[in-house]
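Following: one structure in structure tokens, then a few remarks.
All ligand and atom numbering here is 1-based and tracks the order in the structure.
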Amino acid sequence: MKILVVGGGGREHAIIKALKKSPDCTEIWCAPGNGGIACDAICKDIKATDVDAMVAFAAEEKFDYVVVAQDDPLALGMVDELAKVGIPAFGPDKAAARIEASKVFSKNLMQKYGIPTAGYAVFDDPASVMDYIRSQGKYPVVIKADGLALGKGVLICENEAEAEAGVREIMLDKKFGASGNNVVVEEFLTGPEVSVLAFTDGKTLKPMVSSMDHKRAGDNDTGLNTGGMGTVAPNPYYTPAMAERCMEEIFLPTIRAMQEEGCPFHGCLYFGLMLTPNGPKVIEYNCRFGDPETQVVLPLLESDLLKIMRATTDETLADVEVKFSNGAAACVILASGGYPVAYEKNKEIEGLENGQLAQPMDGVTVYHSGTAQKDGKLVTAGGRVLGVSATAADLPAALKKAYAACETIRFEKMHKRTDIGARALKALEAQNV
Ligand code: AMP
Ligand code: GLY
């Protein structure tokens, strides 16, 4: 099969590396891709959000299957448009992608079908939001832009002044564009967070190994929210008993709800969960693989990813094996200093050869998030630059390997967190005593 992956970050790189293990994958392309992905796939410079150009290219090149990995093209209906030209694709159609693209849609869905989530209210004008927040008088309060905002449309406000500033940013200054026409105000929840990605064909759902993201830029969860600074899998807080509970109370009710609403979900559904004192609750849904969750989840997948993906499209997921190894994985993001605000690009990256460690280490893979090739050299080209992933028999060993590998890579103003997995290790220790 000739396959096209749409996107150009670490997640797409991990998907490509996993797809290449399938005997059915004979040719693989990526659009737009990046400097490191070019070592594993043929890259074509088309913007992921340019639906018309992407679909025309896919038809012209006669791809057998397209994997739409990024949220915005899914929300724009790329899967629907590919179907119109007869090309099957991995990912939800436009109607199902609303589960991520509209917080109002997903919150109303959860309320209607009794799926546990934070209490909320929806508003379309700034004055009534503030009236509501003042009348509640409960802080911190969570304010979310309705639409896609690169993971940055969530504000946790400690007092009235912060809430006012937040509402102004989202609704008046339109920091996230039309995404901020509506806002959701949410109750603040506490507890460990768990990411669970699941394959689904609309009827059957098969969860992947759980993971834990580290969203803040700095150690000890300080600094600004980012797209994710590192991940570990499995997530020790997600016990087998909790997994069973989430399946019954959250996962299956969600796919049934989507069927009921006439928009069955095909592809990878991402459950962002918080394990609160009152049970697991949904913080957010994503309509795609997580980044950098994918960089720890797929290296542990033992089954054939291409077969599974096609089964989500063909609605035959019940017949396909989805098996993960018993080991663990860790991914440390190497970012440009200053990310997620202002940072420099075009810094030469040392320590890599053909995109991978110049001094290879067993079980270590370097996934490229923001790199480019310039005059035969690999340079930085984004905020998140590389994801250094390691698999091992257990989490302490995986973390040790990932951090050791990071030591062999250098670029100017490189920034990484030094405590990825620290909380998970503490949880494991507590479970073992
Ligand atoms: P999101 O972009 O929706 O994943 O939100 C970013 C982060 O904000 C989440 O990972 C949580 O840590 C936090 N968050 C979102 N909603 C809530 C909530 N209702 N209560 C507490 N924290 C939240
Ligand atoms: N790592 C969080 C996300 O992909 O949304």
Side-chain angles (χ1 to χ4, degrees), residues 7 9-12 14-15 69-72 74-75 97 99-104 106-107 110 116-121 133 136 138-158 163 166 170 176 179 183-197 208 210-217 221-233 235 237 268-278 280-298 331-333 335 340 367 369 383-384 387 389 417 420 423:
R11 163 185 54 210
E12 288 73 17
I15 290 171
Q70 209 175 297
D71 46 13
D72 350 49
L74 289 166
I99 200 164
E100 172 173 1
S102 168
K103 299 244 187 244
V104 175
S106 66
K107 292 300 282 190
M110 288 186 270
T117 187
Y120 74 104
I133 291 177
Q136 296 272 309
K138 274 211 289 198
Y139 299 96
V141 64
V142 183
I143 306 176
K144 300 185 172 182
D146 174 41
L148 295 177
L150 292 168
K152 296 179 185 110
V154 175
L155 302 176
I156 296 174
C157 304
E158 300 289 342
I170 297 177
F176 308 107
S179 287
V183 300
V184 173
V185 176
E186 262 186 29
E187 159 201 19
F188 179 75
L189 301 176
T190 55
E193 290 186 52
V194 182
S195 306
V196 179
L197 319 184
M208 300 178 225
S210 63
S211 54
M212 183 193 287
D213 192 7
H214 298 68
K215 286 208 166 91
R216 302 291 205 92
D221 294 328
T222 54
L224 293 172
N225 253 322
T226 69
M229 292 299 293
T231 34
V232 297
N235 184 322
Y237 291 102
C268 172
L269 185 51
Y270 169 131
F271 298 88
L273 306 173
M274 196 171 267
L275 309 183
T276 77
N278 300 319
K281 297 194 179 185
V282 177
I283 288 282
E284 63 161 349
Y285 293 112
N286 290 324
C287 67
R288 47 158 178 95
F289 283 93
D291 189 337
E293 283 89 345
T294 310
Q295 293 91 309
V296 287
V297 167
L298 290 185
C331 175
V332 178
I333 295 292
Y367 297 112
S369 301
R384 292 190 291 181
S389 287
R417 275 182 64 162
I420 299 302
R423 191 167 179 203

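Below 3.5 Å of separation, one finds an N or O of L189 facing an N or O of ligand 1.
Checking R288, K215, E100, E284 against atom 3 (C) of ligand 2, the nearest heavy atom belongs to R288.
Proximity of E187 to ligand 1, defined as any heavy-atom pair under 4.0 Å, is confined to the backbone N, CA, C and O atoms. With a heavy-atom cut-off of 4.0 Å, T231 does not touch ligand 2 at all. Contacts of R11 with ligand 2, taken as heavy-atom pairs under 4.0 Å, are absent altogether. Contacts of K281 with ligand 1, taken as heavy-atom pairs under 4.0 Å, are absent altogether.
Proximity of a side-chain donor or acceptor of T276 to a complementary backbone N or O of G191 within less than 3.5 Å is not detected. Remark: side-chain polar atoms of H214 are paired, donor with acceptor, to backbone N or O of G230 under 3.5 angstrom. Although no hydrogens or angles enter the test, the distance criterion places no donor-acceptor pair under 3.5 Å between the side chain of R384 and the main chain of I333. In this structure, S179 contributes its side chain and A145 its backbone to no donor-acceptor pair below 3.5 Å. For N235 (side chain) and D213 (main-chain N/O), no donor-acceptor pair under 3.5 Å exists by modelled atom type.
Close approach of ligand 1 to V154 is summarised as follows: ligand atoms under 4.0 Å from at least one heavy atom of the residue are 1 (P), 2 (O), 3 (O), 5 (O), 8 (O), 15 (C). Against a heavy-atom cut-off of under 4.0 Å, K215 is close to the following atoms of ligand 1: 4 (O), 10 (O). Below 4.0 Å from some heavy atom of E186 lie the following atoms of ligand 1, by number and element: 16 (N), 18 (C), 19 (N). Proximity to K103 (heavy-atom distance under 4.0 Å) selects the following atoms of ligand 1: 3 (O). Those atoms of ligand 2 that come under 4.0 Å of a heavy atom in D213, given as number and element, are 1 (N), 2 (C). Under a 4.0 Å criterion applied to the non-hydrogen atoms of K144, ligand 1 contributes the atoms 3 (O), 15 (C), 16 (N). The distance from ligand 2 to the heavy atoms of E293 drops below 4.0 Å at these ligand atoms: 1 (N), 2 (C), 4 (O).
Checked against a 6.0 Å centroid threshold, the rings of Y285 and F271 count as neighbours.
Between D221 and R417, at least one side-chain nitrogen of the basic residue sits less than 4.0 Å from a carboxylate oxygen of the acidic one, meeting the salt-bridge criterion. Using a 4.0 Å cut-off between a side-chain N of Lys or Arg and a carboxylate O of Asp or Glu, K103 and E186 do not qualify as a salt bridge.
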Could you go through the side chain to side chain contact (heavy atoms under 4.5 Å, CB included) check for V141 and Q136 one step at a time?
CA-CA 9 Å; V141 64; Q136 296 272 309; over 6 Å; no
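Within the 4.0 Å heavy-atom cutoff, G227 counts among the residues contacting ligand 2. Using a non-hydrogen distance threshold of 4.0 Å, F289 does not register as a contact of ligand 2. At a 4.0 Å cut-off, at least one heavy atom of G290 sits close enough to ligand 2 to count as contact.
S102 and D146 share a donor-acceptor pair across their side chains, judged by distance under 3.5 Å alone.
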